[in-house]
Number of protein chains: 2
Amino acid sequence: MGLAKTEIFSDEQNEIAVFAKAFGHPARVAILQHLFKVNACVCGDLVDEIGLAQPTISQHLKELKYLGLIKGSVEGTSVCYCVDSENWAKMKAIMKTFFDQDISFQEDCC
Amino acid sequence: MGLAKTEIFSDEQNEIAVFAKAFGHPARVAILQHLFKVNACVCGDLVDEIGLAQPTISQHLKELKYLGLIKGSVEGTSVCYCVDSENWAKMKAIMKTFFDQDISFQEDCC
DNA sequence: TGCATTCATTGTAATATTGCAATTAAACAA
DNA sequence: TTGTTTAATTGCAATATTACAATGAATGCA
């Protein structure tokens, strides 16, 4: 179907999956890494830096923005993008809970 | 294209994306959570627990196994699955580095 | 106004993902 | 051996994702 049956999962499970999917493409990983590195930059810089076509970068930026992980502000004919620290922290907390499940985990079985 | 241009990204970026994609579906999140909860269980238990058809669960298990996050051992007609603690820890370390980029990050711009 | 720059949007092609029915394979039990 | 149970595999339909050319929208500049 190509369509996940989200209705049979908990909100938490769906939220984890949605965030994880955002990091499920190397271009979005690269965008975030570059934004952390330079603090803020313009869409065109990301196009040069990453090497995908401008519409493709724009599409990836749209997804990250939709999830609230980045924000953009218009500056003349450019748009300046940067990480949304507050939402990044919230996302981190959710993912950390998921990843740290192994803390109280006994040991492998098979 | 539906095909990511992995060759233009670093190994690290691709590795992060591949792991993240594994968590990008709520069924795989649910499978891992259940395995952590009960320590180990059989495929059929996951089918009952999660509520997707057996072939679908089997397919998700295959992906998690391919990434090394879980392992399975045949026990009669059943297959017992559990988390691979060692690889889980390795994955966590990689993802932690990615998520903790914000540690030395100044502040938002726009 | 007219033109250039920058980015978003639209449309489209190629590929990937998800889900399941049907089937197969393997192990066990009688 | 025959039947049962369990899980993997196959095949397929529906949808999602990725990438980009072409275009559009907005701003700034001459």
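Below, chains carry the letters A, B, ... as their sequence lines are ordered, and counting in each starts from 1. Only a predicted model underlies this, so the values are computations on that prediction, with no experimental measurement involved.
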For A:N14 and A:T6, work out which heavy atoms get closest and say how close. ND2-O, 2.9 Å
Here the residues of residues 25-33 of chain B within 4.0 Å heavy-atom distance, strictly under, of DNA chain C are B:H25, B:R28
Go nucleotide by nucleotide along DNA chain C from the 5' end; which of A:F9 and A:V79 gets its closest nucleotide reached first? A:V79
OP1 or OP2 of C:dT6 versus the side-chain N and O atoms of A:Y81: is any pair under 4.0 Å? no
Set out, line by line, the N/O atom pairs under 3.5 Å between protein and nucleotides 28-30 of chain D.
none

Going by heavy atoms in the side chains, are A:D45 and A:Y81 under 4.5 Å from each other? no
How is B:V42 classified with respect to the nucleic acid when contacts are heavy atoms under 4.0 Å: base, sugar-phosphate, or nothing? sugar-phosphate
Work out which heavy atom in B:Q54 is nearest to a heavy atom in B:V47; give both atom names and the distance. CA-CG2, 3.8 Å
Interatomic distance, B:K5 NZ vs D:dA19 P [rounded to whole Å]: 8 Å
I want to check something: taking the side chain as every heavy atom from C-beta on, are A:I70 and A:C82 in contact at a cut-off of under 4.5 Å? no
Rounded to whole angstrom units, what separation is found between the CG atom of B:L3 and the C1' atom of C:dT12? 16 Å
From C-beta outward on A:A4, which listed nucleotide comes closest to its side chain: C:dA8, C:dG19, D:dA16? C:dG19
Got a sec? Which of residues 47-62 of chain A come in under 4.0 Å of DNA chain C, heavy atoms? A:Q54, A:P55, A:S58, A:K62
Select base, sugar-phosphate, or nothing to describe what A:K21 touches, counting heavy atoms under 4.0 Å on all strands. sugar-phosphate
Quick one: list whatever passes side chain to side chain donor-acceptor pair (under 3.5 Å) with A:S10, sequence neighbours left out. A:Q13
Correct closest heavy-atom pair for B:A22 and B:L69 would be CB-CD1, 4.5 Å
Heavy-atom closest contact (B:C41 atom, B:L35 atom, distance): SG-CD2, 3.8 Å
Spacing of B:K5 atom NZ and A:I50 atom CD1 [to the nearest 0.5 Å]: 12.5 Å
What residues form a salt bridge (Lys or Arg N to Asp or Glu O under 4.0 Å) with A:D100, not counting sequence neighbours? A:K96, B:K92
Whole-Å distance, A:E7 CD to C:dG19 P, equals 9 Å
Under the salt bridge (charged side-chain N to carboxylate O under 4.0 Å, His left out) definition, can you give me all pairs with a residue in residues 13-28 of chain B, not counting sequence neighbours? B:R28-B:E63
On the 0 to 90° scale, with breaks at 30° and 60°, tag the B:W88-B:F23 ring pair as parallel, tilted or perpendicular. perpendicular
Take atom OH of A:Y66 and atom P of C:dA8, then tell me their distance rounded to the nearest Å. 18 Å
